[in-house]
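A quick write-up on the structure given underneath.
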Amino acid sequence: GAFFKPIRGAASPSRIKRHTKISVIGAGNVGMAIAQTILTQDLADELVLVDAKPDKLRGEMLDLQHAAAFLPRTKIIASVDYAVTVGSDLCIVTAGARQIPGESRLNLLQRNVSLFRNIIPPLAEHAPEAILVIVSNPVDVLTYVAWKLSGFPSNRVIGSGTNLDSSRFQFLIADHLDVNAQDVQAFIVGEHGDSSVALWSSISVGGVPVLSFLEKQEISYEKETLENIHKAVIDSAYEVISLKGYTSWAIGYSVANLARTLLRDQRKIHPVSVLATGFYGIEGGEVFLSLPAQLGRGGVLGVTNVHLTDEEEHKLRESAKTILEVQDQLHV
Ligand code: 6V0
């Protein structure tokens, strides 16, 4: 018998408004940080975990389920079988192979491409309407690979890209100026990695453009100081990994933030990896890299027309070239 006596005419589950389902593929450090942030921020009615290791997966599922008394109600399920992802609104892919000591980045990438061959087609089959968010590294190339393997329109395939780099950048600028990081508008675009491009010309704090403010006040700033902040952003992932072995909390918050914008149709602008060919003079092949993109329930709604200096535009095209060179050596 049911615990409650049913009330006639009360909505049956099938009559309740369609619910939000998020699937996270890869229950490692990054996948679990994303999953737990999604739960605490009440972003999904149903959260699905998929991983290749059944014991680890079931352990993680139970551990999260046991927090139910402290969380908004979310159904949490896990399986090694992609059928559980059926009808997902959003699929977040964090599965990845670990680098073997001495292994080249290209070899690691080729192994991740093989993983994606097992992951993306079943996702596309079970969740054909989903938005795909790729987190696994190297994220720009793997977002391209996921786009190819899914057959999805490019507006529904997004790489987390420099969303995280940009929040590290905002933190460092805020720290430098002693202001709230949420008041700092600052974008890093291009490749998520060593060739990323800091858009200094468009940084503002509380609506005040920082560079022209400094110039008008005749406050001298060293180009070197600025470059050092960008360098610190690039180094920060390496530093965290060398200290704790992996990164998790910041990427967890940054991807949950993307999930909110996408599923709640917030139409916010995020620097994320999108099909960039044709924007800012990027050409020479199909390439995904981060540009400030407006996101909503339909996925990528558009790319912001920010003003880039000649130098910034040149660096962005070089970043695209770097990614294309890697892509050319791949067997997808
Ligand atoms: P991890 O802790 O090794 O987790 C990876 C998980 O993937 C493991 O649980 C594996 O069992 C699982 N897995 C492997 N193969 C499959 C498969 N075929 N199907 C399903 N699951 C599988 O790694 P971690 O969580 O630390 O990192 C995951 C990925 O995120 C790596 O590629 C990182 O480089 C990348 N990151 C990307 C960031 C970004 O900003 N884009 C930031 C941080 C990490």
Side-chain angles (χ1 to χ4, degrees), residues 19-82 84-96 98 115 119 123 127 130-137 139 142 158-168 170-171 181-182 192 236-237 239-241 243-264 266 268 270 272 295:
H19 73 179
T20 304
K21 178 167 176 173
I22 303 181
S23 294
V24 177
I25 317 307
N29 300 303
V30 171
M32 292 316 296
I34 293 169
Q36 92 93 20
T37 314
I38 284 170
L39 285 178
T40 55
Q41 299 199 351
D42 199 7
L43 294 173
D45 300 296
E46 190 174 349
L47 178 69
V48 171
L49 303 174
V50 177
D51 198 282
K53 293 185 200 142
D55 290 351
K56 156 89 170 150
L57 187 60
R58 184 165 163 76
E60 292 290 7
M61 178 192 74
L62 291 172
D63 203 5
L64 285 182
Q65 285 176 339
H66 296 164
F70 315 108
L71 287 171
R73 183 169 170 272
T74 302
K75 184 177 175 189
I76 303 169
I77 53 175
S79 175
V80 294
D81 183 347
Y82 283 85
V84 283
T85 65
V86 66
S88 297
D89 300 288
L90 177 65
C91 296
I92 300 166
V93 181
T94 76
R98 289 228 158 173
L115 284 190
I119 294 171
L123 277 183
I131 297 171
L132 284 178
V133 169
I134 308 302
V135 183
S136 317
N137 272 324
V139 66
L142 287 177
I158 302 165
S160 72
T162 56
N163 198 47
L164 173 61
D165 313 53
S166 297
S167 77
R168 287 173 174 146
Q170 286 171 292
F171 161 72
Q182 292 194 16
H192 168 65
S236 55
E239 189 184 5
V240 176
I241 290 169
L243 292 168
K244 66 173 255 192
Y246 55 87
T247 66
S248 59
W249 304 125
I251 184 69
Y253 277 96
S254 109
V255 174
N257 191 240
L258 292 180
R260 176 187 297 274
T261 295
L262 290 165
L263 296 174
R264 303 250 170 100
Q266 293 297 296
K268 275 181 51 164
H270 295 266
V272 286
L295 306 181

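Start at 1 with the first residue, then count along the sequence.
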Item checked: Residue that, paired with Leu262, satisfies side-chain contact (heavy atoms from CB on, under 4.5 Å) out of Asn257, Val272, Ile158 -> Ile158
Note to self: For a quick test of reading the model, state the closest non-hydrogen atom pair linking Ala44 to Thr74 and the distance between them.
What the structure shows: O-OG1, 3.2 Å
Next item on the list: Step through the shown structure and confirm whether more than 12 heavy atoms of other residues, nucleotides or ligands are within 6.0 Å of NZ on Lys75.
Entry: no
Next item on the list: To the nearest 0.5 angstrom, please state how far the OG atom of Ser167 sits from the CD atom of Gln182.
Entry: 11.0 Å
Next item on the list: Please list, chain by chain and in numerical order, all residues satisfying salt bridge (Lys or Arg N to Asp or Glu O under 4.0 Å) with Asp45, sequence neighbours excluded.
Entry: none
Notebook entry, point to check: Are Val93 and Leu123 close enough that some pair of their side-chain heavy atoms sits under 4.5 Å apart?
Noted result: yes
Check: Which atom names give the shortest non-hydrogen contact between Gly161 and His192, and what distance separates them?
Finding: O-ND1, 3.2 Å
When the side chains of residues 28-43 are checked against the rest of the protein, which donor-acceptor pairs come out under 3.5 Å, sequence neighbours left out?
from  : atom 1 : to    : atom 2 : distance (Å)
Thr37 : OG1    : Ala33 : O      : 2.7
Thr40 : OG1    : Gln36 : O      : 3.3
Thr40 : OG1    : Thr37 : O      : 3.1

Item checked: side-chain contact (heavy atoms from CB on, under 4.5 Å) between Val255 and Thr94, intermediate numbers included -> CA-CA 11 Å; Val255 174; Thr94 76; over 6 Å; no
Check: About how many Å separate NZ of Lys21 and CG of Leu263, when rounded to the nearest 0.5 Å?
Finding: 13.5 Å
Notebook entry, point to check: What are the two closest non-hydrogen atoms of Ala250 and Leu164, and how far apart are they?
Noted result: CB-CD1, 3.5 Å
Next item on the list: May I have the step-by-step check of side-chain contact (heavy atoms from CB on, under 4.5 Å) for Ile131 and Leu295, ending in yes or no?
Entry: CA-CA 11 Å; Ile131 297 171; Leu295 306 181; over 6 Å; no
Item checked: Thr261 side chain to Gln266 backbone, donor-acceptor under 3.5 Å -> no
Next item on the list: Show your reasoning for whether side-chain hydrogen bond (donor to acceptor under 3.5 Å, both in side chains) applies to Ser88 and Ser23.
Entry: CA-CA 6 Å; Ser88 297; Ser23 294; 2.7 Å; yes
Note to self: Run Leu142 and Asn137 through side-chain contact (heavy atoms from CB on, under 4.5 Å) and show every step you take.
What the structure shows: CA-CA 7 Å; Leu142 287 177; Asn137 272 324; 5.7 Å; no
Show every donor-acceptor pair shorter than 3.5 Å between a side-chain atom in residues 57-70 and any protein atom, with sequence neighbours excluded, or say none if there are none.
from  : atom 1 : to    : atom 2 : distance (Å)
Glu60 : OE2    : Lys56 : NZ     : 2.8
Gln65 : NE2    : Ile76 : O      : 2.8
His66 : ND1    : Leu62 : O      : 3.3

Check: Between Val84 and Ser79, what is the shortest heavy-atom contact and its length?
Finding: CG1-CB, 3.5 Å
Next item on the list: Would you name the heavy atoms of Ala259 and Leu90 that are closest together and state the gap between them?
Entry: CB-CD2, 3.6 Å
Notebook entry, point to check: How long is the gap from CZ on Phe171 to OG on Ser166, to the nearest 0.5 Å?
Noted result: 15.0 Å
Margin query: How close do Gln170 and Ala181 get, counting heavy atoms only, and between which atoms?
Written below: NE2-O, 3.8 Å
